[in-house]
Each structure stands twice: as structure tokens, then as C-alpha cells.
Engineer: 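One structure, as C-alpha cells, below. Some questions next.
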Amino acid sequence: MPQPATRRTVLATGAGALALGCVGCDGTTATLSRGFHAFFRQYYNLRGLLRRTDPALERLTGLPDYPLRHATGLRDSFRHVPRTPPLSALGFVALSPSFRFADLRAMDPRTALTLLDVRVPEVYDRLDGTSAHDLLDAVGFPDSARHLAFEVFSRSFFADPRELSAAEMALMFHIYFLGSAEGLLFDVPRAPFPAALWDPLARYLTRHHTEVRTATAVEHIAPTRDGGFVTATGRDERRYDAIVLALDTAGLRSLAGRCGELGDAPWRERIGRLRTAPPFLVSRLWLDRPVAHDRPGFLGTSGFGTLDNISVLERYEDEAARWSGRTGGSVVELHAYAVPPGADRDAEEKRLLEQLRRVYPETRPATVLDARHEWHEDCPLFPVGGYGDRPTVRTPHPRLVVAGDLVRTGLPVALMERAATSGFLAANTLLEGWGVRGQTLWTVPDRGRSTPLRALATWGRPPTARERAD
């Protein structure tokens, strides 16, 4: 039986730790990142991966709520929402000040009911040709609820709701409200990402005879006659039995464009049509005084320009907590998910600071001792009608597979969980070819959990072939 090659190599870019910056004049170094990330309890496969180095997930800590605040003064919280479907969705509507009885009466029930039975991958057949904005219009969601709740989900894809496929937003509704009992409870790393996640995983791989090479650009990949591949970097050429392409959209598009023998022509054409989401900005500020003691570790915002959330890092991250304890100040991070292309960067950084002072007025007299701004434009865009172009794990070459949050998996997963799940699926695909059993995967159900709600969801529209079979 053929066996995998003994030598394994991971080429990585170290995206979890973008830079080391000097804070003020005291010589302190701080680890910057790509902004706030919530490790939701439904991320079963990602959390399973992290357990390889942290069996009890002690490097994560839970935040008590997912609070949202709109510039009009409306506030939402998920802390007291029931977690048992469908009570989770009903409880959110009942408890949220964004939904008024008159608004509910104005909604289109037939369109709204389609959200009660989201099936994967059928949801893409039904809704991929519609934008998230237009779906909410068709449902008749009140503006307050739309901006405070549902656009928070859509902007977490780093896209304007007018650009985002409604299928992705409907999938998020299923994952968090009707497909699982975990709701919007989540954890965050206790330490910066390198210390909490990436360095332990790198050591784990090294112990399993893997060479980890960071910041190594792959310039070319070519298949060999015996079914393997030759890769060329700026340093050397090497031969591999199999390859997992876990790249961002631009990287995958660029590599496929340069490597004329990779996959086949239709596969390369589809990759070439993939789009990247608008730029995003992460601003980290070191303030000379603390924010109010009752400010949460994380706050989602809407209606404050491009500001999408505020994190108070000393509430949960040890490095920031040590700095705060020594100086008496606060470490605050501001995140703008989708900045208009071509925006003036200096002006945008200043606007985020202005919005912070609107949301947390106690920061107005604070002196910014130091600031670091990270601009990136490397997240995948899931545009209206773009599902068919997204790659699947399998490619025309049996030993070339693709992983990442842009990949079609046929499973109800999204964001970081899609990246982790597709990585396991890629590994399982290769292991299957070598006669080795792969990793068992877990997801929320791939359809609505409630039979009565599934029946209601088909009211007013013809059932799909799969629904008729069920």
C-alpha cells in the first residue's frame, strides 16, 4: 500500500501575528493581530484542532455576551436569549428592542419563513442570486433590526450587504439560531494569537516531523508524471506527493494564473473570477487612562460610520492586561470591516478614533500614547451569484486539494470554522487515496431541526427535489 512521504512541509505566512510594535517610549513590544475573532461554540472542528495542543481549551476564555449598539441608542444583547432552537430565534425577537409588534405585522411571512429551513447546499440554489440587502427588503425586516443585528452578520464577511450573497447570511442565521443550541456564546484567546494558537500548533507539527516554513512565497507548482508535484520558491525546488492550497483569494488566483498545468483550464478560469472583499482596518490604541469599568471586552456597533466593533483588550488578553496594570491605561482595538476602496487611510484612521469617542465618551480626554494601524485586503468576497465559481476541496488533480474559508464544502459552516473544516476535508481526501482513515467531522444539522418549521418553510413555494425525497 502506498504511504505518505515521510517529510512533510507546511508553507505558512504567519497571519496571526502581523507585526511587533514598540509602545510609547518604554521599549515594550506588543503583538498585533488581524482584529477581534470570536471562537463560537459551534466551531466544533476548529476547536477540535485546537485541542490537539490544548485538550481543555484553557488558552481560550469566554466573554459573557455579544452586545450590539446602534448610533440611535438601541442596544441588543444575546446573553439572555434561549439557546434551544427554535426558542433561540423567537427569544431574540421577543427580547430585542429592535423588533416592535407593528414591525412584525408588516413583515412578509412567506419570505421570512424561508429562513426557518436552511438546507446546505440547496440554500445556494435558492438564494445565491439575491443579495443579503434585498432578502431583508423582501422579508420586510424593520430598519432597526436590520442594522443592529443582521447587518452585523453580513459585515462579518467583510462586505457591504448589497454585495453579499443572501445564501451566506441565511446560513449564518441557521448556524447561530436554528441549527445549534450554543447560540452566540463565544470564547477568545487569553493571549495574542501566536502564543495562544499558532506557536503551539507549529510545535505540534514539528514533533510530528513536519517542517514549518513561514513567509516563504511559492512561485510555481507543476505536476509530475508520477502524480506528484514540484514546487519552486525563491529559495529552492522540492518534490511533494500531494499539495493543499490553503491560500487567500488573491494568492490562489495569482498562483493558478501563473501555473498553466495546475488543475485544468475551466478550473483555472473559475479561480480567476474569484473576488476579494473590500479593505479592512484594525486600529490598536494605547490610552493613558482606562475606559469605564463596565465596558465589555467586545462591542459590536452599527451606525457609527465604518466602525464595526470595539475591543478592550485588557479584559481578556494577558499581554494587554499586563501593560494596563503597569500603566493604568487601556488597550483598545477598533475594527472597520469593509472600508470603501480608495478611502483616504489617514482620514479613516482619524474617523475611527472620533467614533470611539462617540461610543465611549470617557476616552475623549485620553491621550493616545501609541497607535498601530493594520490595513489589509485579503478576505474572500461571497458575491451575489458567485457560489458556482468558488473552488471545492477536490480539484481535477487527485492529489491537489484546496482549503480555506472561500471553499465550498457542502456543509453548514462559515468563516473560521469553514477554514478548519475544509482543511480537515482536504487532509481526509488525501488520506483516503493512501488507504488511511481521516478525521471525523462535526457540524450543526444541514437542515432545519424542527419538522413543523420545515413544513412551514415550504408554504407558498414548491419543494425542492431533496425536500420531496424527505
Engineer: Are the side chain of E314 and the backbone N or O of V331 linked by a donor-acceptor pair below 3.5 Å?
Structural biologist: yes
Engineer: Using atom types as modelled and distance alone, determine if a side-chain donor or acceptor of R253 lies under 3.5 Å from a backbone N or O of L274.
Structural biologist: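 Looks like yes, one N/O pair under 3.5 Å.
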Engineer: If I compare all heavy atoms of P189 with all of L197, which pair ends up nearest, and what's the gap?
Structural biologist: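 Of all heavy-atom pairs spanning P189 and L197, the closest is CG-CD1, 4.4 Å.
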Engineer: Please determine, by modelled atom types, if E417 and N45 share a side-chain donor-acceptor pair under 3.5 angstrom.
Structural biologist: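 Judged by distance alone, the side chains do pair up.
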Engineer: For the atom pair CD (E333) and CG (L32), what is the distance rounded to the nearest 0.5 Å?
Structural biologist: 7.5 Å
Engineer: A side-chain contact here means heavy atoms from C-beta on lying under 4.5 Å apart; do P296 and D65 qualify?
Structural biologist: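 P296 vs D65: side chains apart.
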Engineer: Kindly give the heavy-atom pair with the smallest separation between I243 and L245, and that separation in Å.
Structural biologist: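 Smallest interatomic distance, heavy atoms only, reads CG2-CD2, 3.8 Å.
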Engineer: Side chains of T31 and P194: closer than 4.5 Å at any heavy-atom pair?
Structural biologist: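 When only atoms from C-beta onward are counted, P194 and T31 do touch, with a gap below 4.5 Å.
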Engineer: Considering residues at least two apart in sequence or located in another chain, which fulfil the ring-ring contact (aromatic ring centres under 6.0 Å, His included) criterion with F39?
Structural biologist: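 So F39 forms no ring-ring contact (aromatic ring centres under 6.0 Å, His included) with any residue.
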Engineer: Decide whether S254 and R258 meet the rule of one side-chain donor and one side-chain acceptor closer than 3.5 Å.
Structural biologist: yes
Engineer: Minimum heavy-atom separation for V218 and L255, please, with both atom names.
Structural biologist: O-CD1, 3.8 Å
Engineer: T130: what forms a side chain to side chain donor-acceptor pair (under 3.5 Å) with it, not counting sequence neighbours?
Structural biologist: none
Engineer: Between T395 and H397, is there a donor-acceptor pair closer than 3.5 Å when you use the side chain of the first and the backbone of the second?
Structural biologist: yes
Engineer: For R59 and T53, run side chain to side chain donor-acceptor pair (under 3.5 Å): C-alpha distance rounded to whole Å, both residues' side-chain angles, the deciding distance at 0.1 Å, then the answer.
Structural biologist: CA-CA 10 Å; R59 298 192 193 103; T53 66; 3.1 Å; yes
Engineer: For residues 185-198, which residue pairs qualify under salt bridge (Lys or Arg N to Asp or Glu O under 4.0 Å), counting only residues two or more places apart or in two chains?
Structural biologist: R41-D187, R47-D187
Engineer: Is the closest side-chain donor-acceptor distance between Y44 and E182 under 3.5 Å?
Structural biologist: yes
Engineer: Can R51 and L57 be said to form a side chain to side chain contact (heavy atoms under 4.5 Å, CB included), step by step?
Structural biologist: CA-CA 6 Å; R51 284 191 174 96; L57 295 182; 3.4 Å; yes
Engineer: Side chains of S311 and R284: does their closest heavy-atom pair fall under 4.5 Å?
Structural biologist: no
Engineer: Treating T206 as the side-chain partner and Y204 as the backbone partner, does any N or O pair qualify as donor plus acceptor under 3.5 Å?
Structural biologist: no
Engineer: For a side chain to side chain contact (heavy atoms under 4.5 Å, CB included) check, start with the C-alpha distance between T214 and W198, then their side-chain angles and the critical distance, and finish with the verdict.
Structural biologist: CA-CA 11 Å; T214 61; W198 311 137; over 6 Å; no
Engineer: Rounded to the nearest 0.5 Å, what's the gap from CG on L406 to CZ on F382? Could you check?
Structural biologist: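 Atom-to-atom, L406:CG and F382:CZ are 6.5 Å apart.
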Engineer: Run the numbers on R345 and H373 for side chain to side chain contact (heavy atoms under 4.5 Å, CB included), then give the verdict.
Structural biologist: CA-CA 9 Å; R345 293 192 171 189; H373 307 282; over 6 Å; no
Engineer: I'd like to check the side chain to side chain contact (heavy atoms under 4.5 Å, CB included) partners of E348; sequence neighbours left out, ordered by chain and number.
Structural biologist: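 Listed in chain order: L281, T306, V339, R351, L352, W375.
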Engineer: Side chain of S422, backbone of G404: donor and acceptor closer than 3.5 Å?
Structural biologist: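 A pair under 3.5 Å: yes.
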Engineer: First locate atom CZ of F298, then atom CG of L68, and finally report the distance between them rounded to the nearest 0.5 Å.
Structural biologist: 7.5 Å
Engineer: Check the pair D446, L411 against side chain to side chain contact (heavy atoms under 4.5 Å, CB included), reporting the backbone distance first and the verdict last.
Structural biologist: CA-CA 6 Å; D446 63 358; L411 297 173; 6.0 Å; no
Engineer: Name the residue from R268, R275, R270, R273 that meets the salt bridge (charged side-chain N to carboxylate O under 4.0 Å, His left out) definition with D389.
Structural biologist: R273
Engineer: Check the side chains of H133 and S131 for a donor-acceptor pair under 3.5 angstrom, ignoring hydrogens and angles.
Structural biologist: no
Engineer: Taking atom CE of M172 and atom CZ of F40, what is their separation to the nearest 0.5 Å?
Structural biologist: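 M172 CE to F40 CZ: 7.0 Å, rounded to 0.5 Å.
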Engineer: Please name all residues satisfying side chain to side chain contact (heavy atoms under 4.5 Å, CB included) with R408, sequence neighbours left out, ordered by chain then number.
Structural biologist: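 R408 satisfies side chain to side chain contact (heavy atoms under 4.5 Å, CB included) with Y387, R390, T392 only.
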Engineer: Among all residues two or more places apart in sequence or in another chain, which pass the ring-ring contact (aromatic ring centres under 6.0 Å, His included) test with H220?
Structural biologist: none
Engineer: Treating R34 as the side-chain partner and E374 as the backbone partner, does any N or O pair qualify as donor plus acceptor under 3.5 Å?
Structural biologist: no
Engineer: Do S165 and F157 have side-chain heavy atoms sitting under 4.5 Å apart?
Structural biologist: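 They are not in side-chain contact.
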Engineer: Out of N428, V402, L425, L430, which one pairs with V393 under the side-chain contact (heavy atoms from CB on, under 4.5 Å) rule?
Structural biologist: L425
Engineer: Hey, does the side chain of H70 reach the backbone of T72 with a donor-acceptor pair shorter than 3.5 angstrom?
Structural biologist: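 The answer is yes, because a donor-acceptor pair under 3.5 Å joins these two groups.
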Engineer: Between D54 and R52, is the closest basic N to carboxylate O distance under 4.0 Å?
Structural biologist: no
Engineer: Check T276 against C379 and note the closest heavy-atom contact, atom names and distance.
Structural biologist: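 Nearest pair, atom of T276 first, then C379: CG2-O, 3.3 Å.
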Engineer: Which pair of non-hydrogen atoms, one from P445 and one from H174, has the smallest distance, and what is that distance?
Structural biologist: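 Taking P445 first and H174 second, the nearest heavy atoms are O-NE2, 2.7 Å.
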Engineer: In the structure I gave you, are the side-chain heavy atoms of L287 and T363 within less than 4.5 Å of one another anywhere?
Structural biologist: yes
Engineer: To the nearest 0.5 Å, how far apart are CD in Q355 and CG in L334?
Structural biologist: 10.0 Å
Engineer: Could you tell me the separation between the CZ atom of R358 and the OH atom of Y360, rounded to the nearest 0.5 Å?
Structural biologist: 14.0 Å
Engineer: Mind checking whether R418 and L171 have side chains closer than 4.5 Å, heavy atoms only?
Structural biologist: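 Heavy-atom side-chain distance check passes, below 4.5 Å.
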Engineer: Are the ring centres of Y337 and F280 closer than 6.0 Å?
Structural biologist: no
Engineer: May I ask you to test the R315-V291 pair for a side-chain heavy-atom distance under 4.5 Å?
Structural biologist: yes
Engineer: So, for A202 and V212, which heavy atoms are closest and what is the spacing to 0.1 Å?
Structural biologist: O-CG2, 4.3 Å
Engineer: Between L285 and L356, is there a side-chain heavy-atom distance shorter than 4.5 Å?
Structural biologist: yes
